[in-house]
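The structure appears right after this line, and notes come after that.
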Amino acid sequence: MVSPLLAILSITADWQHKDVVKFYALQPRRLVILAAKYVAVTGFSILVVGTACLCGLLVAAALAWVANAPVVYGSFALSLWQVVCAVLVGSVSGAAVASAVLSTPLAIVFVLVQSTVLDLLIGLVPNVPVAYLQSGTFSSFLAEGGDILPALSSAVLWIVIPAAVGARRHVTKDIA
């Protein structure tokens, strides 16, 4: 849940300040700046999660050493892959929503409501293909596999469409 919020703060931060004037004076191709933000946000989120996982491993090793017990890693690689997939999708979807909305509070509220309330409400509507509409379907597909059509539908709905709207807004927005 942290990666979409980091992405939102990163994407919308410069629109609240006059820094955007400097960015676009140095690089007038706005989509290059937007793409660089997407890459930077995703890389930073992976770095934060990687650091947290490394700290967790170090604490587990230290506790095992103090307790004189072996560390059992079990399916650590699978768990790490699932976390990486969730962070990647969360970062990109958060950046896409933020670039579409260009408002930090609105983007944060939208992402929180969408992931906690909207996904649950979709499941309550009868005769609705839930997997095609829920936001977590794409990251679940990347992490665990499954049907590709619901994953593509989820990716288009929650990543591609907001990213396209955001790209259009970045190209046409005035920077007075």
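- In this structure, the side-chain hydrogen bond (donor to acceptor under 3.5 Å, both in side chains) partners of Tyr38, at least two apart in sequence or on a different chain, are Ser99.
- To the nearest 0.5 angstrom, Ser3 atom OG is 9.5 Å from Ile8 atom CD1.
- The hydrophobic clustering, which links ILVMFWY residues whose side-chain heavy atoms are closer than 4.5 Å, places Val165 and Val92 apart.
- The main-chain N or O of Gly136 is found under 3.5 Å from a side-chain atom of Ser139 such that the two form a donor-acceptor pair.
- No side-chain heavy atom of Ser153 sits less than 4.5 Å from a side-chain heavy atom of Thr137.
- Linking Ile, Leu, Val, Met, Phe, Trp and Tyr residues whenever their side-chain heavy atoms come within less than 4.5 Å places Leu118 and Val125 in a single cluster.
- Taking OG1 from Thr12 and CG from Leu106, the interatomic distance works out to 10.0 Å, rounded to the nearest 0.5 Å.
- Shown here for Ala100 and Pro162, the closest heavy-atom pair between the two residues is CB-O, 3.4 Å.
- Hydrophobic clustering, with ILVMFWY side chains joined whenever heavy atoms are under 4.5 angstrom apart, groups Leu112 together with Ile122.
- Side chains of Val89 and Ile159 form a contact here, defined as non-hydrogen atoms less than 4.5 Å apart.
- Not a single donor-acceptor pair under 3.5 Å links the side chain of Gln82 to the backbone N or O of Ala143.
- Here the straight-line distance linking atom CG of Leu47 with atom CG of Leu6 works out to 11.0 Å at 0.5 Å rounding.
- Of the N and O atoms on the side chains of Ser45 and Ser91, at least one donor lies less than 3.5 Å from an acceptor on the other residue.
- In this structure, Ile11 CD1 and His170 NE2 are separated by 6.5 Å, a value rounded to the nearest 0.5 Å.
- The backbone N or O of Val39 sits nowhere less than 3.5 Å from a side-chain atom of Thr42 that would complete a donor-acceptor pair.
- In terms of heavy atoms, Val71 sits closest to Ala60 at CG2-O, 4.0 Å.
- To the nearest 0.5 Å, atoms CG (Leu133) and CG (Leu121) are separated by 12.5 Å.
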Run the numbers on Leu5 and Ile108 for side-chain contact (heavy atoms from CB on, under 4.5 Å), then give the verdict.
CA-CA 7 Å; Leu5 299 179; Ile108 288 174; 4.0 Å; yes
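- Note that CZ of Phe138 and CG of Leu157 are 13.0 Å apart. Values are rounded to the nearest 0.5 Å.
- Using a 4.5 Å heavy-atom threshold, the side chains of Val49 and Ile46 count as separate.
- At least one side-chain heavy atom of Val84 sits under 4.5 Å from a side-chain heavy atom of Leu88.
- Between the side chain of Ser115 and the main chain of Val111, a donor-acceptor pair closer than 3.5 Å is present.
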For Val101 and Val97, what are the C-alpha separation, side-chain angles and deciding distance, and is it a side-chain contact (heavy atoms from CB on, under 4.5 Å)?
CA-CA 6 Å; Val101 177; Val97 167; 4.2 Å; yes
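- Within the 4.5 Å cutoff, side-chain heavy atoms of Trp158 are placed close to those of Gln114.
- Note: the hydrophobic cluster containing Phe141 also contains Leu152 (ILVMFWY, side chain heavy atoms under 4.5 Å, direct or indirect links).
- Contact between Ala7 and Ala95 at its shortest, heavy atoms only, is CB-N, 3.5 Å.
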